[in-house]
Protein chains: 2
Amino acid sequence: MGIIRKTESVELLLKEFHDTETALSTIELIKRLGKRINKTTIYRVLSKLEEDGVLHSFLGFDGVKWFARCKSHTQVQISDIHPHFQCISCGKTECLDIKVDIPKLVNREVLLSQFIIKGKCNLCVA
Amino acid sequence: MGIIRKTESVELLLKEFHDTETALSTIELIKRLGKRINKTTIYRVLSKLEEDGVLHSFLGFDGVKWFARCKSHTQVQISDIHPHFQCISCGKTECLDIKVDIPKLVNREVLLSQFIIKGKCNLCVA
DNA sequence: CTTATATTTGCAACTTAGTTGTAATAACTA
DNA sequence: TAGTTATTACAACTAAGTTGCAAATATAAG
């Protein structure tokens, strides 16, 4: 069950994602909004937005959950899978607009996959 | 600084990995060995074995750390990257012997990548 | 506009994976 | 065998995320 009511929490969170092209970690969102929204609410709204296909999530190398806007605004499909890039210098984490081939696995059913790349982003590589 | 002394903890942990083809989570290892080895020691030995290139690690979809034997027994190189498969039914998690093409990213330096696939394994797909 | 009701929120307490500091123990070296 | 130094256990801690519940509030109905 996703978002049903337009509340302040929902609007504040959506605004954060509208104001950026990159992914945002739960930690960062709690840092930014924790004084106005309780962290429990932040977690709950994020997962509802994910259910609604507004956001998608993935785990960073540190095991922290990250969220980013979905371009297609529909429930994430296996075919939508794109890699994510995490910069070790500035921390910026973003979706890569690249198609990844999920290997065909005989005798196995593939339900979800996650491809994450760690390195230095365009600004930090210098 | 990796493993320097052959201690009982090291041998017990290595035995677990020798007795299986699959990956093992820290949680599982603590369950199995927690009465004989303190969990702190388990964490420390595992990370030393990783430094030594005996094991490599990755994060499962739940954010829990998994370890598996390295085939090459050398420090993990970017080029060694292979995907991991995690079964949602039985929990079995294993290395896939498949080569993954890491996309070339202009203006970015790639240091590490992780590709994990979730689904049903050969035994659970039926 | 007011009321009813069901969703949403805040709070506090909890869970769990993993880490840190330190004193005691044990493996290796000379 | 003694000395050095890595390793271990223990307890206390950290940090991300979860749960239960009472209070607050968005929305629909009247």
Main chain of Leu29(A), side chain of Glu16(A): is a donor-acceptor contact present, judged purely on distance under 3.5 Å? no
All heavy atoms of His18(A) vs all of Arg69(A), minimum pair found to be CA-NH1, 3.5 Å
In whole angstrom, give the distance that lies between atom [atom1] of [X] and atom [atom2] of [N].
X: Leu12(A); N: dT9(C); atom1: CG; atom2: P; result: 10 Å
X: Lys35(B); N: dA9(D); atom1: NZ; atom2: P; result: 15 Å
X: Asn38(A); N: dA12(C); atom1: CG; atom2: P; result: 9 Å
X: Lys48(B); N: dA6(D); atom1: NZ; atom2: P; result: 9 Å
X: Leu49(B); N: dT7(D); atom1: CG; atom2: P; result: 11 Å
X: Glu51(B); N: dA6(D); atom1: CD; atom2: P; result: 13 Å
X: Glu8(B); N: dT8(D); atom1: CD; atom2: C1'; result: 11 Å
X: Lys6(B); N: dT25(C); atom1: NZ; atom2: P; result: 25 Å

Can you find a side chain N or O atom of [X] that sits less than 4.0 Å from OP1 or OP2 on [N]?
X: Thr41(A); N: dT8(C); result: no
X: Thr26(A); N: dA16(D); result: no
X: Lys39(B); N: dC10(D); result: no
X: Thr7(B); N: dT7(D); result: no

Can you tell which of Leu46(B), Val45(B), Thr40(B), Asn38(B) makes a side chain to side chain contact (heavy atoms under 4.5 Å, CB included) with Ile42(B)? Leu46(B)
Looking at every strand, decide which applies to Ile30(A) at a 4.0 Å heavy-atom threshold: base, sugar-phosphate, or nothing. nothing
Ignoring hydrogens and angles, answer whether the base of dG10(C) and the side-chain atoms of Arg44(A) contain a donor-acceptor pair closer than 3.5 Å. yes
Could you check whether the side chain of Arg5(A) and the base of dT27(D) have a donor-acceptor pair of N or O atoms closer than 3.5 Å, going by distance alone? no
Mind checking whether Phe67(B) and Phe17(B) have parallel, tilted or perpendicular rings, split at 30° and 60°? perpendicular
Could you check which of dA17(C), dA12(C), dA11(D) has an atom nearest any side-chain atom of Thr40(B)? dA11(D)
Does the pair Glu94(A)/Arg108(B) count as a salt bridge with the N-to-O cut at 4.0 Å? yes
